[in-house]
Amino acid sequence: MFRTDQAPSATTPPTPAPPRWHRDHVDPPGVVAPGALAAAASVVAMWPFTAVIEPGPWSLAVVAVIVSAALTGMLLRRMLRRGDAWLREAGAFVAQALVAVAVLTQITAADTAVLGLIPTTDTVPVFAALGAAAWEQVVFGTAPLDSSPGLAAVMGAGFAAVAILLDHLVASRSAVIATLLTGTVGAIPMIVTLGEPHVVWFGMFGAVALLLFRFTARRHPLSPRRSTTSLAVLVGAAALAATIVVAPAVPVTANLAGTGVGVTVDASLRLGDDLRQPNPVEVLTVAAKGEVAPYLRLTTLSQFDGRVWQPDRGDLQSQREGFGEPEWTPDIAIEERTTSIRVLRMSSSWLPVPYPATGVQGLNGSWRVATDNRTLFSRSADAAGNDYTVRSARVIPTLEQIRALEAAEPAVDDATARVELPSVIAATAEDVTARASTDYDRLVALQTWFRSDFVYSLETPVEEGFDGTGAEAVARFLDEKSGYCVHFAGAFALMAESLGMQARIVVGYLPGALTDEKRGDESIFSVSSDQLHSWPEVLFPGVGWIPFEPTASLGTPTAFQAAAVSGGGTGGPAAPAPTSAPTTEESAGPEIDRRDTESGAGATGELRSLDPTPVVLSVAGVLVLLLLPALIRRAAREVRLRRAHGGDPAAAWTELRSTLIDLQLPVSDADTPRMRAAELVRENGVDADAMSALTDAVERASYARSASASIDLAVPLGVVLARLHRSVDGRTRARALLLPRSLFVARSTAAAASA
């Protein structure tokens with residue numbers, strides 16, 4: 001059982017030599033290769049940050065500290081190559097830290113330093129102020145952030161630490177930890193912004209990881225003497241390509257990762273399934289001034305063929321060309337506003353924007369402007385993950401101005417056959433609006449009738465057998481008087497057209513729930529998937545498209561105020577404070593009712609605070625990976641201790657030998673158990689009685705004619721192991737705990753390395 005622990009005899013064959021294809025020595029790591037690899041890994045870790053911070057002074061500062069750290073490490077290791085390893089690495093670390101401080105001082109606060117490099121007492125307040133400015137920019141800004149001196153100082157300091165740490169990890173051939181560090185730092189921007197994976201970065205990261213592993217493996221004594229570079233490159237490229245192709249197709253649950261698409265929105269007005277989701281999810285966040293945010297539209301639908309409303313497909317133009325000329329005349333008052341939107345879990349070819357939008361920032365060129373309805377559309381991009389700011393105008397006509405205008409007549413398309421509507425639609429519209437004298441008052445009468453005589457329900461339409469905006473579905477809805485936003489909007493639009501007015505339907509989102517968080521002087525609103533909505537609009541020449549809110553129990557109905565009267569003259573229109581009272585609020589767009597806000601889902605928004613779930617899971621995953629060797633080693637030790645408790649000498653001796661390997665203590669297969677025991681007592685101060693108990697048990701198991709009574713070997717083994725741990729320094733104990741060599745080193749290799 002313990003043949004390898006017996007003393008060598010004349011008949012014992014010599015230990016076989018390693019295979020001829022193995023190396024018989026350890027190649028020196030050199031100074032250039034590890035430094036270059038560490039610098040490359042640092043650049044790869046930095047690369048994803050260019051997606052959330054505009055390249056500029058910060059990226060130059062990061063590159064400067066990475067290069068200076070790598071060059072300083074190469075120089076110091078070259079100068080101290082004949083000294084002790086610990087002195088060489090310590091000297092390199094100190095020099096790299098000093099050089100990094102000097103480089104950052106030169107870049108960010110040179111005027112306060114001696115020779116522009118050596119910090120003084122005046123430099124510290126400058127760095128503190130820059131750090132505070134960077135923190136404020138990160139907290140209150142939206143990606144991509146502008147490059148600033150504060151971000152240059154903070155990012156430079158952070159990547160100085162990363163570059164120095166990677167340099168020492170690569171120099172010590174800790175490829176696994178270096179790879180984990182590179183991947184963790186590089187993934188931070190994608191985790192924080194909940195953006196899509198960066199395929200190009202992943203390819204770069206994979207290539208650097210393979211190079212790190214190859215650099216470490218080639219310097220292992222059991223690595224091949226020669227290797228086929230072309231084959232290695234081919235295998236690595238195939239692995240990267242397969243991962244890039246396969247990974248996007250693997251389904252990931254949104255609840256686990258904290259990301260993913262909560263709802264996919266098209267323009268079919270088949271919103272029932274989305275609205276009936278049992279577990280609404282937060283789909284976007286909005287930052288706007290005030291306590292009420294604007295409605296957000298995705299697209300509009302103007303063409304009706306009797307069954308469905310078709311989305312508008314007008315001309316598209318680039319964002320630089322703007323959103324088109326204003327539909328309102330100069331005598332109509334407007335209020336400029338800015339709205340920041342971050343799309344989290346909504347997939348669509350349209351981006352949500354307030355109406356009427358006049359400008360946008362933060363989007364790539366694939367998003368085009370549809371001038372007919374002032375929306376944003378893309379044939380190739382998806383809404384999920386976008387973070388942008390929209391400028392818009394709140395159009396505020398007075399009650400007198402809107403009443404003086406007639407609504408535009410329905411557009412006539414000679415190429416499309418006239419749609420015959422059920423007579424109940426026109427008859428009901430005439431009956432409801434009989435007492436109104438202006439187009440605007442007729443529309444308000446319709447809005448009031450729907451909100452007072454109908455019931456909002458997501459279930460009734462399905463249970464009663466209708467779900468849509470076709471003419472027959474609208475007739476059924478008018479009879480049942482129960483439905484959801486699609487039915488209210490479709491019925492209102494068809495009834496308005498029966499009265500001779502041009503109408504259309506909008507698909508978008510309610511403003512969402514007001515939260516307690518702030519971003520500067522802006523309030524943060526959280527919009528959930530169950531706030532997907534549709535509402536009608538009617539065109540008034542000289543003012544534009546006026547939205548109405550007929551859906552019962554949702555939003556606030558549109559109402560305009562009379563002009564302010566002072567001293568017998570008519571002043572400008574009064575712009576009231578936001579209120580949920582429909583009789584006093586003037587609004588260019590429906591606004592969410594406060595009771596709906598209070599019951600709305602999604603109390604947390606991405607703009608106000610980082611969702612901790614993906615960050616916690618990512619950190620937990622990294623910790624598990626780092627602690628995995630220690631956990632495996634601990635489990636193996638517990639199994640052996642239980643067996644030793646039952647009197648198994650083989651398990652006890654195996655655990656003793658593994659502990660010696662972990663603590664880097666001498667291990668030789670040429671020693672007998674008694675010889676090894678004597679050496680441990682003499683060199684490491686192990687208790688002689690405990691060691692004797694283990695040795696006697698091993699010898700009895702190896703040489704006794706019959707099995708002897710089992711004794712508990714766990715107690716003496718525990719005494720021996722405790723003493724062995726105390727005989728080495730703390731650094732060795734920590735390394736033995738986190739990176740136990742017994743899991744990775746073969747038996748023969750351990751013996752050879754300790755000989």
Side-chain angles (χ1 to χ4, degrees), residues 269-277 280 292 295-297 309 424-425 428-429 431-433 435-436 440-470 473-496 498-499 503-513 527-538 546-559 578-585 587 589-601:
L269 279 187
R270 305 292 295 183
L271 310 183
D273 293 338
D274 293 322
L275 293 172
R276 284 186 286 269
Q277 284 185 348
V292 180
Y295 270 41
L296 300 176
R297 67 182 54 217
W309 289 82
V424 65
I425 296 178
T428 304
D431 182 60
V432 172
T433 62
R435 297 184 179 181
Y440 172 74
D441 290 333
R442 294 186 183 94
L443 295 170
V444 170
L446 282 177
Q447 177 180 256
T448 303
W449 178 67
F450 277 116
R451 295 182 65 87
S452 59
D453 289 13
F454 285 66
V455 176
Y456 181 87
S457 172
L458 290 174
E459 301 302 329
T460 301
V462 178
E463 294 175 356
E464 296 297 329
F466 69 98
D467 193 2
T469 56
V474 169
R476 182 68 179 276
F477 168 65
L478 294 177
D479 181 57
E480 298 291 337
K481 293 189 175 182
S482 178
Y484 57 92
C485 60
V486 166
H487 303 97
F488 285 95
F492 187 101
L494 291 182
M495 294 175 76
S498 73
L499 296 173
R504 68 185 184 186
I505 295 177
V506 183
V507 176
Y509 281 96
L510 293 166
V527 181
S528 59
S529 57
D530 61 349
Q531 291 174 311
L532 188 62
H533 192 50
S534 65
W535 62 92
E537 290 183 330
V538 178
I546 299 297
F548 291 85
E549 182 56 279
T551 303
S553 78
L554 289 184
T556 298
T558 297
T579 173
S580 61
T583 58
T584 59
E585 180 176 10
S587 170
E591 297 182 1
I592 191 167
D593 200 331
R594 179 56 54 204
R595 60 183 174 185
D596 180 68
T597 300
E598 293 173 353
S599 62

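Residue indices begin at 1 and follow the sequence shown. Since this is a predicted model, take the numbers as computed values, not measurements.
A distance of 5.0 Å separates NZ in Lys481 from CG in Asp453, rounded to the nearest 0.5 Å. Residue Tyr509 holds its OH atom at 7.0 Å from OG of Ser529, rounded to the nearest 0.5 Å.
Taking the side chain as every heavy atom from C-beta outward, His487 and Phe454 never approach each other to under 4.5 Å. Taking 4.5 Å as the limit, some side-chain heavy atom of Tyr440 sits within range of a side-chain heavy atom of Phe548. Side-chain contact between Leu443 and Thr558 is absent, with no heavy-atom pair separated by less than 4.5 Å.
With Glu549 as the fixed residue, the side chain to side chain donor-acceptor pair (under 3.5 Å) test singles out one of His533, Gln447, Arg451: His533. Each of Thr551, Ile505, Val538 was compared with Phe492 under the side chain to side chain contact (heavy atoms under 4.5 Å, CB included) criterion, and only Val538 meets it. Exactly one residue among Phe477, Trp449, Trp535 makes a ring-ring contact (aromatic ring centres under 6.0 Å, His included) with Phe488. That residue is Phe477.
Here the shortest heavy-atom pairing between Ala491 and Leu478 reads CB-CD2, 4.4 Å. Counting all heavy atoms, side chain and backbone alike, Leu446 lies closest to Thr433 at CG-CG2, 3.8 Å. Between Ser534 and Ala489 the shortest heavy-atom distance is OG-CB, 3.8 Å. Nearest heavy atoms, Ala475 versus Val424: CB-CG1, 3.8 Å.
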